Amino acid sequence: MKIINLFPGSYNSNCYILVHNKEALVIDPSASAKSILERVHAEGAELTGILLTHGHFDHIVSIDTLRRISSAPLMIHKEDAEMLEDGVKNAFSLFFGQDISYAPAQRLLEGGDTINLGGMQIEVIHLPGHSKGSVCYYIPGERTMFTGDLLFAQGYGRADLHGGNAFTLRTSLCALRQYPKNVTIYPGHGESAQLGHALDVAFYL
């Protein structure tokens, strides 16, 4: 599997493209639809899905354009589905004083679901706290995890936006202790890191 980070995307959010066996998924499309699709095509792949780690505005910038151009389905945890259609809940209006909304997702995810990428299975882990439907995407065979805004290399996400809960977020961070320490995390902002080290930093803060 190849991982491509189109950074900086809008609002300094990471935008990941996963390529495997000529298929591609994009995680948190903060970059423009044009730049995402150009890179997918440069890899000789087809975009087969759009995955969201959660529903905040800085991670969903190009979802409608991507769907219109590529017909790739959008996937988000069912607890964050409401955020797509509500500028208050996705926090855009909080920061910019304007409403912004997007069309509903084609697939609502739950913890324990799997997503196929060219024959490789990606596990959906529901880890709320940053939002009600915050998820991590875990690929055991690659020792890779996409953590969104739950866990960063040097800290963890905020819990004061819609659906956030500081106690729940802490519980979710504890749940990540069950995964191998040498898993590489790819967060929603900032650089990648080893899971064990990132958790040590998070619990020290």
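Predicted model only: the values in this text are computed from it and were never measured.
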Can you tell me if [X] uses its side chain to pair, donor with acceptor, with the backbone of [Y] under 3.5 Å?
| X | Y | result |
| --- | --- | --- |
| D28 | G148 | no |
| S13 | G9 | no |
| Y156 | A198 | no |
| N14 | F7 | no |
| E85 | E82 | no |
| D64 | Y102 | no |
| H77 | E79 | yes |
| S32 | S35 | yes |
| N5 | C15 | yes |

> Between F95 and F57, is the gap from one ring center to the other below 6.0 Å?
Replying inline: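 Under 6.0 Å, so yes.
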Is any side-chain heavy atom of [X] closer than 4.5 Å to a side-chain heavy atom of [Y]?
| X | Y | answer |
| --- | --- | --- |
| H189 | H59 | yes |
| L199 | L151 | yes |
| V124 | L51 | no |
| N116 | Q121 | yes |
| E110 | K78 | yes |
| R177 | F203 | yes |
| H130 | R158 | yes |
| I3 | E142 | no |

Determine whether [X] and [Y] fall in the same hydrophobic cluster, where Ile, Leu, Val, Met, Phe, Trp and Tyr are linked whenever their side-chain heavy atoms lie under 4.5 Å apart.
| X | Y | result |
| --- | --- | --- |
| F146 | L109 | yes |
| L47 | I17 | yes |
| I50 | V61 | yes |
| M75 | V26 | no |
| L6 | I69 | yes |

> Has E46 got more than 12 heavy atoms of other residues, nucleotides or ligands less than 6.0 Å from its CD?
Replying inline: no
> Do you see a donor-acceptor pair shorter than 3.5 Å between the side chains of S93 and Q98?
Replying inline: no
Minimum heavy-atom distance between [X] and [Y], given as atom pair plus value:
| X | Y | result |
| --- | --- | --- |
| G188 | F152 | N-CE2, 4.4 Å |
| Y138 | P180 | OH-CD, 3.7 Å |
| T168 | N165 | N-OD1, 2.8 Å |
| T147 | P187 | OG1-CA, 3.4 Å |
| L37 | S70 | CD2-CB, 4.2 Å |
| D86 | S101 | N-CB, 4.3 Å |

> Does the side-chain contact (heavy atoms from CB on, under 4.5 Å) test come out yes or no for I4 and E43, once each step is laid out?
Replying inline: CA-CA 10 Å; I4 302 158; E43 296 294 328; 3.7 Å; yes
> How would you list, by chain and number, every residue that makes a ring pair (Phe, Tyr, Trp, His ring centres under 6.0 Å) with Y137, sequence neighbours excluded?
Replying inline: none
> Per the side chain to side chain contact (heavy atoms under 4.5 Å, CB included) rule, which among I122, T184, I115 passes with I139?
Replying inline: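 Going through the options one by one, the only one that passes is I122.
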>> With side chain to side chain contact (heavy atoms under 4.5 Å, CB included) as the test, pick out the partner of L52 among L84, V135, D80.
In response: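 That would be L84.
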Separation between [atom1] of [X] and [atom2] of [Y], rounded to the nearest 0.5 Å:
| X | Y | atom1 | atom2 | value |
| --- | --- | --- | --- | --- |
| S62 | R67 | OG | CZ | 10.5 Å |
| C174 | L169 | SG | CG | 10.0 Å |
| S172 | H126 | OG | NE2 | 7.5 Å |
| M83 | H162 | CE | NE2 | 6.0 Å |
| L173 | L127 | CG | CG | 8.5 Å |
| I36 | I63 | CD1 | CD1 | 11.0 Å |

>> Please verify the inter-ring angle class for F92 with F96; under 30° counts as parallel, over 60° as perpendicular, anything in between as tilted.
In response: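 Rings of F92 and F96: tilted, as their planes differ by 30° to 60°.
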